[in-house]
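Only one structure is covered here, and it is reproduced in the block below.
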Amino acid sequence: MSRYNFKATEKKWQKTWEEKRCFHVEPDPKKEKYYVLEMFPYPSGRIHMGHVRNYTLGDVVSRYKKAIGFNVLHPMGWDAFGLPAENAALANNIAPAKWTAENIRTMKQQLKGMGLSYDWTREISTCDPEYYKHEQKMFLDFMDADLAYRKQSWVNWDPVEKTVLANEQVIDGKGWRSGAQIEKKRLSQWFLKISKYSEELLTDIKKLTKWPDRVRTMQENWIGRSEGLKIDFPVVSSDEKIEVFSTRPDTLFGATFCALSPTHPMSEKLALKDPEIAKFVDECNRIGTSEAAIETAEKVGILTPLEVEHPLIEGKKLPVFIANFVLMEYGTGAIFGCPAHDQRDFEFAIKYGIEIIQVVKPKSPTVLKLPLSEAYSGQGVLINSGFLDGLDIEGAKKQVAEKLIASGSAKKEINFRLRDWGVSRQRYWGCPIPVINCDDCGIVKVPESQLPVTLPEDIEFKKTSNPLVNHPNWKNVSCPNCAKPATRETDTFDTFFESSWYFARFCCPDSSKPLDLGSLKYWMPVDQYIGGIEHAVLHLLYSRFFTRALKECGHIEISEPFTGLMTQGMVCHETYQDKAGAWLFPDEVHKGPTGKWEKDDGSSVEVGRSQKMSKSKKNVVDPEKIINEYGADTARLFMLSDSPPDRDLEWTDSGVEGAWRYINKLWKMVSEPHLDINQRLESEPDIKDSVLKNTLKSIHKTINNVSKELESFHFNKAVALIRELTNELESIDPDKPDASFVYRKGIETATLLIAPMLPHLAEEMWEKLGADHLVLDTPWPSYEPALLEDHTCTIVVQINGKIRGSMELPIDLPEAEVQTIAMKIENVQKLLDNKTVQKMIFVPNKIVNFVV
RNA sequence: GCGGACGUGGCGGAACUGGUAUACGCGUUGGACUUAAAAUCCAAUGGCUUUAUAGCUAUGAGGGUUCAAGUCCCUCCGUCCGCACCA
């Protein structure tokens, strides 16, 4: 018998959809809109399984929403600027623009082969000057709105390559190519004032009820609002003071030292005079710029000659340290240390022999064991704290604040962990920052008439430094203001800049203005955004901020870009290593005759646990290979049927084969049916047979249940429900009257329900069923509410919570009646004999539980 | 280090507001078809005792609340994601 010819079929329907422009949409005021968006890919070369998963999820949502009547916008484009293009340029001597364009061409072909329902007429590529010119205009508007500014900031500096490295290019404090110990270097850079919206971004995230809770919590913690006190510690025999931010001013009487960040201005001043301190500060500057690197580094400090006065204890002086774990970016860049009640301070105090004073006493045990083995940060009552003694923490905070504020040595402050967004990158392959530096006029904006500032293409790539810096023709210009010789800004934007507004541009890809308000009004916001959990904070938070900034500049009228968010887990695969420990591709190994994994030459293979697919571990499967061997529908079905979208998915060959088998089964049900499917459904016959009647009910229930599962994005459950239905249809007895009616009804329903997941197969089945129009143009099936209701239910009988029997009873039977029937069950009767029922629990239509 | 999640058969997973744990699929075993294999179809399938009936036991580990816990609470273990210049 012949198998389903996916190659011809998939090509046929892809062609049909394209010719009929099935996915092209325009605003239609008569129809409700739905905007589905998947995170656009970085064109790294070829699509990988993560893309296949992401875009399959989006496609199912898009096709389902279209079927239930929405005007669906579903666009795709390219996040085309970024570091890999520069790495490729260095490695293979190919221009980033050329490399990127080639990758886009390949990946677009691959995506088209998946049968995704994109409106390709809206395609955008962020490295296209037609795209980034608008971004430059937006930046100029941000400058005018006081949302962009320049300040000194740190970068990772590779002293051998003489270039700035990204955090991922710093491995264990060393440059990834040069291996040289990296240094921190201060550069003047552009920042966007995301901090202006800290409060708003925090309060508004509570309203995003269609976002996963974990993403909302992560953003809340990232923004990190904390209320506290900014306290002055006067420096002994000096006019200066150290400002310290603390959320625990109640522990002030337990303060035994102060510590400054190594990059605190006072630390730098001290370093100028003291070579020991200078050496220490230098060493701190060797730790990378990433927070993880700083926080995991051993906590070290150095004592300075400074002392500060305790603001509450007359005559008490505290030593001042410089400590590597104090961050300049948070609070004031200085802390007071209370070792008894802060674990980091505690460890620091032990290490440097600093006094530890307990000031909070837990309610129980009443005495903390001394010496303390760790800091106590729980609730309790103040001790050793003068006028605060006996108060609880909250009360003490209030009293301290009042006293210090009254004396003028402190003020209340709300602090955010969120820092302003640094958007300058010392790289070539990014959007040029449209400003000119003039010795006389300072920073001058590039006039709008001269936009876009495009990237020069006659460049030379060297390991050392940005080609823009070494390009005199591009860099040297005359000042737009005074016409004197000036230089362009050679930094380019962070690539998060492009991805912070692309979703809005999709609504009006051809607009001459950055954004067309009319189109945006119809399409925005994105109703369902889908992408990896790794973007939970940065990309999503930047986009939320950027939308607000655009609103402030009149480019958009909404604040929140994404109403719904679905985060998808990763695609994983087993890992394989040969005897020497070298990673092997899944293609290079197979199961030998004894069931053990081996290489093609018969040597044994170590099978490792399943991990995220990555090129470095070679545990990758090329989507194109799967699509060539089994077809796009099989790949899509596998992606959807096993794991729920937010969990990691394990790629297995047997799972793929299972999906392929089911596709063939469906196809056979219409091409070689054991029942006549040509009987058209005009009016429903009155079905007498109870089995067929139940099957008909199953069909209606499946419509209802699958719709519910699709609404809540439980695609794996939707697939399971459809499989159950087709299993039931297969067992229809062809000899019964009306059997072929029920069968046809069932198969039609299954075809329509599976269509969002298996669009090619569904069209083919639909055609075989004799339809004269596409599934795409067919509305979602509807169900008969009366057929969803059951007349009987299974009630479980328990004794002391253990199941001892069950019974099939009419629905909504009263308690007493159910009880009587339950007691008559043989097994129950036996077990209840000689026992008194103390209590009976009855859950209607579910359970009777006898407690004896 | 900090923040966030996850953990259910041999495997991926299902179980709505605490109420029949293991739906659906994969794998395995047995059978049918075949000269044979593949494909397909049928049946069985958490573990233990048992012919079956039936019983005991099981949702990372340990404790608790409850008539009843995968679900709620506490402690611990393991795995994964993010940490501001990867995208």
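Heavy-atom basis, side chains included; hydrogens, waters and symmetry copies ignored. By convention in this document, chain letters (A, B, ...) are assigned in the order of the sequence lines, proteins followed by strands, and residues within each chain are numbered from 1.
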Give every residue pair that meets the side chain to side chain donor-acceptor pair (under 3.5 Å) criterion with at least one member in residues 710-726 of chain A, sequence neighbours excluded.
A/Tyr64-A/Glu711, A/Lys65-A/Glu711, A/Tyr662-A/Thr726, A/Glu709-A/His714, A/Ser712-A/His714, A/His714-A/Lys717
Categorize A/Lys802 for me: base, sugar-phosphate, or nothing, with a 4.0 angstrom heavy-atom threshold over every strand shown.
sugar-phosphate
Select base, sugar-phosphate, or nothing to describe what A/Thr296 touches, counting heavy atoms under 4.0 Å on all strands.
base
Out of B/C2, B/U20, B/G13, minimum distance to the side chain of A/Pro644 belongs to B/G13
In dot-bracket notation, what is the pairing pattern of RNA chain B, taking Watson-Crick (N1-N3 plus N6-O4 or O6-N4) and G-U wobble (N1-O2 and O6-N3) contacts under 3.5 Å, with [ ] crossing and | for other strands?
(((((((..(((......[....)))((((((.......))))))((((....))))..(((((..]....))))))))))))....
Between P on B/A14 and CG on A/Asp642, what's the gap in Å once rounded to a whole number?
10 Å
Check every strand shown and say whether A/Asp646 touches a base, only sugar-phosphate, or nothing at a heavy-atom separation below 4.0 Å.
nothing
Give me, pair by pair, the N or O atoms of the protein and of nucleotides 26-31 of chain B that are less than 3.5 Å apart, along with how far apart they are.
| from | atom 1 | to | atom 2 | distance (Å) |
| --- | --- | --- | --- | --- |
| B/C26 | OP1 | A/Arg661 | NE | 3.4 |
| B/C26 | OP1 | A/Arg661 | NH2 | 3.1 |
| B/C26 | O2' | A/Ser654 | OG | 2.8 |
| B/G27 | OP2 | A/Arg661 | NH2 | 3.1 |

Compare the minimum distances between each of B/G1, B/G13, B/G19 and the side chain of A/Ser643, then state the nucleotide with the smallest one.
B/G13
A correct 5'-to-3' footprint of nucleotides 48-53 of chain B, with B, S and - meaning base, sugar-phosphate only and no protein heavy atom under 4.0 Å, is ------
Rounding to a whole Å, what distance do you find between A/Asn827:CG and B/G55:C1'?
10 Å
Using a cut-off of less than 4.0 Å, is there contact between a side-chain N or O of A/Thr217 and OP1 or OP2 of B/G4?
no
Rounded to whole Å, CD of A/Glu730 lies from P of B/C41 at a distance of 7 Å
Any idea if B/G9 is syn or anti, going by the 90°-from-0 cut?
syn
Under 3.5 Å side-chain donor-acceptor pair for A/Thr567 and A/Asp646
no
Shorter than 3.5 Å, N or O on both sides, protein versus nucleotides 67-72 of chain B: list them out with atom names.
| from | atom 1 | to | atom 2 | distance (Å) |
| --- | --- | --- | --- | --- |
| B/C67 | O2' | A/Asn849 | ND2 | 3.4 |
| B/C67 | O2 | A/Asn849 | ND2 | 2.5 |

What string of B, S and - do you get for nucleotides 80-87 of chain B, 5' to 3', when a contact is any protein heavy atom under 4.0 Å?
SSSBBBBB
